[in-house]
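As structure tokens, the structure follows; a few thoughts come after it.
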Amino acid sequence: MSNAVPTDYASARERVDALRRRLQHHAQQYHVLDAPEIPDAEYDRLYDELQALEQAHPEWVTADSPTQRVIGAVLDGLKPVRHAVAMLSIQAERDTSEASARRFDARVRKALAAAAASTPTAVSESTSASQSTSAAAAAAAAAPELASASASASPSAADAPLLAYSAELKFDGLAINLRYQHGRLVQAATRGDGETGEDVTHTISTIGDIPQRLRGAAASAAAVIEVRGEVFMRRDHFEQLNEQQRSKGGKTFVNPRNAAAGVVRQLDARIAAERPLSFFAYGLGDVQGWDPPPTHSGLLTALAAMGVPVNDERAVVLGADGLVAYHARIAARRDALPFDIDGVVYKLDSRALQLQLGFKSREPRWALAHKYPAQEQMTALNGIDIQLGRTGKLTPVAKLHPVFVGGTTVSNATLHNVFELRRKGVRVGDTVIVRRAGDVIPEVVGRVPGERPAYVPNFRMPAQCPVCGSAVLREKGGIDHRCTGGLFCATQRKQALLHFAGRRAMDIEGLGDKLVDQLVDSGLIRTLPELYTLGVAKLSALARMADKSAANLLTGLERSKQTTLGRFLYALGIRHVGETTAKDLARHFGSIDRLMDASADRLLAVRDVGPVVAQSIRAFFDQPHNREVMEQLRAAGITWPESDGSADKTDAAPRPLFGKIFVLTGTLPLLTRDEAKDLIEAAGGKVAGSVSKRTSYVVAGEEAGSKLDKARELGLPVLDEDGLRALLDAG
Ligand code: IVH
């Protein structure tokens with residue numbers, strides 16, 4: 001990834017041209033098309049290289065070099081907006097060490113001293129003071145309360161007085177200017193090239209956080225208040241959006257910032273309304289008829305009082321040590337924040353001092369963006385492995401050349417599924433972009449266009465599970481590949497055992513999380529039937545297993561043997577066979593043998609069984625080891641009352657509640673919730689977890705909560721226990 005540094009004049013000149021072309025291309029991809037091809041960190045490296053070459057050869061600098069202008073253009077279809085006050089950027093410090101915070105503080109002091117020396121009356125009367133104390137005097141003039149804090153923090157006269165800074169998060173989204181006239185939002189615009197942005201009032205108005213009206217008399221009185229800040233997408237909203245896109249095979253977004261930029265610059269506000277964005281203010285643009293507070297921190301507090309979202313992690317800190325401590329404190333919190341930040345921002349708190357310092361090449365001298373390690377990097381994709389999850393899902397995992405990203409070294413990253421992998425066009429040997437942010441697992445978000453070996457075969461999912469060798473299956477229309485091994489598969493064993501033992505399945509008392517972990521980890525249980533071969537001797541071999549719990553488990557196991565076919569089928573954990581389907585199957589076929597041999601067509605004849613469920617049942621019983629498990633369980637003594645399996649007869653049983661959906665809430669006087677559920681289902685009804693327009697009845701007991709309120713709101717019939725019984729008896 002590193003480029004050889006050109007040594008001779010001619011090749012340096014060529015390199016400058018090549019860098020400009022590449023930077024221009026990538027700036028267009030990023031700013032205009034919202035489709036970056038390389039990580040920001042790589043863009044920054046190219047930019048730094050160009051800047052270094054231009055510094056060595058100032059005669060080559062041109063006005064249109066990417067180092068000389070803010071890039072950004074207006075998208076077709078959006079109206080250009082000329083900013084009343086230019087939207088500038090801040091100097092970014094990519095050195096993530098604390099030294100850069102100290103250098104910034106030193107620079108600011110020096111510049112303040114120089115400003116004070118050249119225009120002493122503009123600062124204060126204390127012209128005889130030393131350079132550093134005149135900076136402090138200026139701070140005192142502008143913000144007396146903070147200067148006195150600094151004085152007490154540094155009592156010795158020999159010590160340099162400390163400057164007060166507003167320290168903030170550097171949100172990773174896009175800059176927006178909100179124009180309020182007499183307190184009312186009249187226009188929202190992107191930054192664009194700093195002079196001209198795009199009118200995005202239609203999409204910004206869908207952001208609930210942004211007030212349409214500012215609170216307070218001062219805001220209403222002001223002819224103009226322009227609030228500037230960052231629009232971004234929270235990480236959880238970003239994950240949800242990508243999950244949604246993935247499940248419908250749509251295009252996913254590279255990162256939250258890219259998603260936010262895409263949403264803001266949408267022409268269609270309805271799409272924007274479905275994709276939640278957030279906003280934090282960090283400054284002002286044009287202001288007419290309002291006198292803002294004299295400090296930046298005071299301004300942020302005033303904006304918050306007007307109802308504008310301002311982030312709470314902001315702080316006023318003193319001196320270089322204060323900056324360093326803030327940088328470290330936020331670094332430790334970075335992963336826990338609900339949104340991406342790419343650094344922190346320091347601003348001299350006093351506005352009077354800011355004015356003295358002014359700007360240098362369109363960047364304020366009084367502010368610094370101090371970055372954190374990038375959350376996206378590029379690296380080589382060395383291979384693709386398959387990882388099996390506890391639910392049987394197979395995930396392609398990228399084996400990467402180790403790369404430092406988001407603060408740790410990453411050598412594995414998820415590729416989600418085969419379809420996404422294909423859409424991104426990723427192949428072994430490519431250079432890819434890896435993202436690691438917060439507690440989200442590292443992922444490959446795309447490939448960097450470029451050379452690739454002449455022939456690399458397309459990646460294929462294996463037909464057999466890499467752990468247990470069972471068939472791998474993808475549902476029709478689905479995107480995930482799954483192992484059909486279930487309990488037979490070591491990786492899925494714990495989950496399968498817990499499900500098997502569950503209250504509504506085999507109801508094995510005494511077999512919970514911890515014990516399942518112990519049984520599987522110690523190697524005592526590899527297959528379901530082995531559960532029933534446990535004896536006191538085997539159990540007592542487990543550490544910390546008291547005699548009483550061993551006895552309890554053995555009783556629980558013994559009791560569980562008398563069950564029903566419905567419970568047993570549900571306990572097997574066949575994908576898509578939930579409790580109700582299991583009961584329907586039991587009622588329809590009456591015996592496990594008839595069910596195991598039933599063709600897909602016969603399965604489709606069962607109520608509520610569609611092609612996906614039928615395929616899943618067939619796939620399960622087609623695995624020879626699953627049939628073996630069935631035999632062994634029966635041999636262990638599991639029994640249920642068999643019926644003659646006459647589907648016609650059983651299905652003709654009265655089902656007075658067929659097609660009705662119930663929601664249970666609160667405590668009923670006599671029936672437990674499970675009993676009520678069983679009765680409703682036996683009568684053909686369904687029980688749902690939440691109230692909606694589709695709910696037929698809400699059955700409410702004592703201390704019913706919000707579900708009852710919702711039912712009343714929707715005007716749904718509400719029953720008590722007697723009402724439910726009356727309905728059941730009516731059949
Ligand atoms: S202040 C004149 N404060 O980072 C100073 N910017 O170049 C104006 N950003 O485009 C910017 N968080 O979109 C400021 N707390 C913060 C910020 C922030 C994010 C963005 C902003 C700007 C870029 C800095």
Side-chain angles (χ1 to χ4, degrees), residues 486-488 493-513 515-516 519-520 524-539 545 547-574 577-598 606 617 620-621 626-647 649-651 653 670-683 687:
L487 185 88
F488 181 71
R493 203 163 284 157
K494 284 183 185 175
Q495 183 123 323
L497 268 176
L498 274 176
H499 175 80
F500 184 81
R503 208 161 43 85
R504 303 191 66 85
M506 298 299 282
D507 194 15
I508 306 177
E509 235 174 275
L511 188 56
D513 269 338
L515 194 47
V516 164
L519 289 170
V520 173
L524 271 184
I525 300 266
R526 282 183 315 275
T527 69
L528 261 187
E530 277 175 358
L531 255 186
Y532 291 95
T533 65
L534 286 174
V536 181
K538 276 191 189 170
L539 283 174
M545 180 93 184
D547 287 351
K548 191 155 165 278
S549 357
N552 280 350
L553 176 61
L554 293 177
T555 322
L557 281 165
E558 211 39 51
R559 283 215 184 113
S560 73
K561 288 181 181 171
Q562 305 292 324
T563 186
T564 64
L565 179 55
R567 274 178 177 270
F568 179 73
L569 286 175
Y570 174 60
L572 293 176
I574 306 170
V577 177
E579 233 184 309
T580 312
T581 307
K583 281 183 197 160
D584 285 344
L585 289 168
R587 202 178 292 122
H588 190 99
F589 290 100
S591 97
I592 186 97
D593 297 308
R594 268 191 294 270
L595 170 63
M596 285 199 292
D597 294 335
V606 181
I617 297 169
F620 183 88
F621 289 118
N626 283 340
R627 286 181 175 250
E628 235 168 80
V629 164
M630 227 65 57
E631 284 319 309
Q632 288 166 351
L633 285 173
R634 285 205 282 192
I638 293 178
T639 58
W640 51 83
E642 296 253 338
S643 82
D644 68 359
S646 153
K649 197 184 98 197
T650 43
D651 280 359
L670 298 173
L671 290 172
T672 66
R673 203 168 279 198
D674 283 345
E675 286 164 349
K677 186 167 187 243
D678 284 341
L679 287 173
I680 291 168
E681 287 177 350
V687 176

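All values below were derived from every heavy atom in this structure, side-chain atoms included, with hydrogens, water molecules and symmetry-related copies excluded.
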So how far is it from Phe500 CZ to Leu528 CG, rounded to the nearest 0.5 Å? 5.0 Å
Check step by step if side chain to side chain contact (heavy atoms under 4.5 Å, CB included) holds for Leu585 and Ile617. CA-CA 10 Å; Leu585 289 168; Ile617 297 169; 3.7 Å; yes
What are the two closest heavy atoms between Ile525 and Arg493, and how far apart are they? O-CD, 3.8 Å
Measure across Leu511 and Leu498 and return the closest heavy-atom pair with its distance rounded to 0.1 Å. O-CD2, 4.5 Å
Give me the atom names and distance for the closest heavy-atom approach of Tyr532 to Ala636. CB-CB, 3.7 Å
Output the distance between atom OH (Tyr570) and atom CE (Met506), rounded to the nearest 0.5 Å. 13.0 Å
Any chance you could measure Glu628, atom CD, to Gln632, atom CD, to the nearest 0.5 Å? 5.5 Å
Give every residue pair that meets the side chain to side chain donor-acceptor pair (under 3.5 Å) criterion with at least one member in residues 500-510, sequence neighbours excluded. Arg503-Asp674, Arg504-Glu579, Arg504-Asp674, Arg504-Asp678
Rounded at 0.5 Å granularity, tell me how far CZ in Phe620 sits from CG in Leu569. 9.5 Å
Name all residues meeting the salt bridge (Lys or Arg N to Asp or Glu O under 4.0 Å) criterion together with Arg634; count only those two or more places apart in sequence or in a different chain, and write none if there are none. Asp593, Glu631
Any side-chain to backbone donor/acceptor pair from Arg559 onto Ile508? Under 3.5 Å, distance only. no
Rounded to the nearest 0.5 Å, what separation is found between the NE2 atom of His588 and the CG atom of Asp584? 10.0 Å
Taking side chain to side chain contact (heavy atoms under 4.5 Å, CB included) as the criterion, tell me which of Thr533, Thr527, Leu534 meets it with Leu531. Leu534
Applying side chain to side chain contact (heavy atoms under 4.5 Å, CB included) to Phe589 and Leu565, what does each step give before you reach the verdict? CA-CA 10 Å; Phe589 290 100; Leu565 179 55; 5.8 Å; no
Derivation of the side chain to side chain contact (heavy atoms under 4.5 Å, CB included) call for Leu539 and Leu554: CA-CA 9 Å; Leu539 283 174; Leu554 293 177; 3.9 Å; yes
Can you name the closest pair of heavy atoms from Pro641 and Thr563 and give their distance? CD-O, 3.4 Å
Looking only at heavy atoms, what is the nearest atom pair of Ala586 and Gly566, with distance? CB-N, 3.6 Å
Any donor-acceptor N/O pair, Glu530 side chain to Arg526 backbone, under 3.5 Å: yes
How far apart are the closest heavy atoms of Met630 and Leu572, and which atoms are they? SD-CD1, 3.6 Å
